[in-house]
Protein chains: 2
Amino acid sequence: MTKQFTGTPEEVADLRRADSLAREIFSEVANKWALLIIETLGERTLRFSELRDQVEGISHKMLTQNLRMLERNGLVERTVHPTVPPRVEYTLTEPGRALRATVDGMCAWTQRYLGHIEASRRGFDD
Amino acid sequence: MTKQFTGTPEEVADLRRADSLAREIFSEVANKWALLIIETLGERTLRFSELRDQVEGISHKMLTQNLRMLERNGLVERTVHPTVPPRVEYTLTEPGRALRATVDGMCAWTQRYLGHIEASRRGFDD
DNA sequence: CCGAATCCACAACGATACTG
DNA sequence: CAGTATCGTTGTGGATTCGG
């Protein structure tokens, strides 16, 4: 088990440093499609086509691309059922579920501050 | 005060729905530069040039662009000191600090699972 | 049904130069 | 120093096709 992140300046610096592995991982995962896929998967296991339908606006290509990336990093598990037609299912792994917990936080934040943000936008767009 | 996000299927659906305001905000904020800026600001207030130096790899253009976006959404406050040369400082607002708390969670997650992820990558890249 | 590959339009981005 | 504008390049991402 690795060291805890406590928010010390040195640790924060690690994430800002472009060449650091932590930073590379953060940058790869911190994009809207990946986070939306994680949030959508939740506790369920979904097929490719179900994901494509439920993550609104995502294209076939973006979905496969992000699923490969998440699989490679061990956040989702991909199980192929050798039937015809093929049936491929995706589930969050333990690391994936751990990340989902923090993504839930971002979703909660969005709901919580919807009003603030709308108001701020109106003020900004004179 | 808006309703709490409790993770019910209806609320999750709100974030997947492309036309929803919550979804639009989430998509705008959930990109690596914005999150790295928020994380870097932390509790401090920094000048434009300090931010550019500390968020490694970010270009002048990306920094201004994301700062404008964050300001418009009320996540950062921009204060201009009418000196010469000009001095512009950025600080997180209360909503910004609230989001930072969850970004801290993502950073902690990255540190926590660095090992898992490295191993998973090696396995994937046969 | 799932996924890889190709093509290509268009947005993102970096570099540069110019204002207050 | 901070910010905007312009331009040229890169690369992202959608549409489509083919293959397992």
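By convention in this document, chain letters (A, B, ...) are assigned in the order of the sequence lines, proteins followed by strands, and residues within each chain are numbered from 1.
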Can a side chain N or O of [X] be found less than 4.0 Å away from OP1 or OP2 on [N]?
| X | N | value |
| --- | --- | --- |
| A/Arg68 | C/dA4 | yes |
| A/Arg47 | C/dC1 | no |
| B/Ser49 | D/dA2 | yes |
| A/Tyr90 | C/dC1 | no |

Q.
Evaluate A/Glu89 against A/Arg87 for salt bridge (charged side-chain N to carboxylate O under 4.0 Å, His left out), listing each step before the verdict.
A. CA-CA 7 Å; A/Glu89 297 186 324; A/Arg87 175 185 191 83; 3.5 Å; yes

Any donor-acceptor pair under 3.5 Å from [X] side chain to [Y] backbone:
| X | Y | answer |
| --- | --- | --- |
| B/Thr91 | B/Thr45 | no |
| A/Thr110 | B/Ala22 | no |
| B/Thr40 | B/Leu36 | yes |

Q) Relative to each other, are the rings of B/Trp109 and B/Tyr113 parallel, tilted or perpendicular (30° and 60° limits)? A)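 Correct class here is tilted.
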
Q.
Need one value for A/Arg87: base, sugar-phosphate or nothing, where a base atom within 4.0 Å counts as base even if backbone is also close, heavy atoms only.
A.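 Result for A/Arg87 = nothing.
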
Q: Select base, sugar-phosphate, or nothing to describe what B/Arg52 touches, counting heavy atoms under 4.0 Å on all strands.
A: nothing

Grab the [atom1]-[atom2] distance between [X] and [N] for me, whole Å please.
| X | N | atom1 | atom2 | result |
| --- | --- | --- | --- | --- |
| A/Gln65 | D/dG13 | CD | P | 7 Å |
| A/Leu46 | C/dC2 | CG | C1' | 15 Å |
| A/Lys32 | C/dA11 | NZ | C1' | 12 Å |
| A/Glu89 | C/dC1 | CD | P | 14 Å |
| B/Trp33 | D/dT12 | CH2 | P | 14 Å |
| A/His60 | C/dC7 | NE2 | C1' | 16 Å |
| A/Leu67 | C/dC1 | CG | P | 17 Å |
| B/Leu63 | D/dC1 | CG | P | 14 Å |

Q) Of the non-hydrogen atoms in B/Asn31 and B/Met69, which two are nearest, and what is the gap between them? A) ND2-CE, 4.1 Å

Q) Looking only at heavy atoms, which two atoms of A/Arg78 and A/Arg68 are closest? And how far apart? A) NE-NH2, 3.5 Å

Q: Let me see the working for A/Arg121 and B/Glu28 under salt bridge (charged side-chain N to carboxylate O under 4.0 Å, His left out), right down to the final yes or no.
A: CA-CA 13 Å; A/Arg121 285 182 173 187; B/Glu28 196 168 72; 3.2 Å; yes

Among [options], which nucleotide sits nearest the side chain of [X]?
| X | options | answer |
| --- | --- | --- |
| B/Thr64 | D/dT4, D/dC1, C/dC2 | D/dT4 |
| A/Phe48 | C/dG14, D/dG13, C/dG3 | C/dG3 |
| A/Pro86 | D/dG14, C/dC2, C/dC13 | C/dC2 |
| B/Lys61 | C/dG14, D/dA2, C/dC2 | C/dG14 |

Q | Overall bend - the helix from C/dC1-D/dG20 to C/dG20-D/dC1, comparing terminal axes fitted on five pairs, nearest 10 degrees | A | 40°

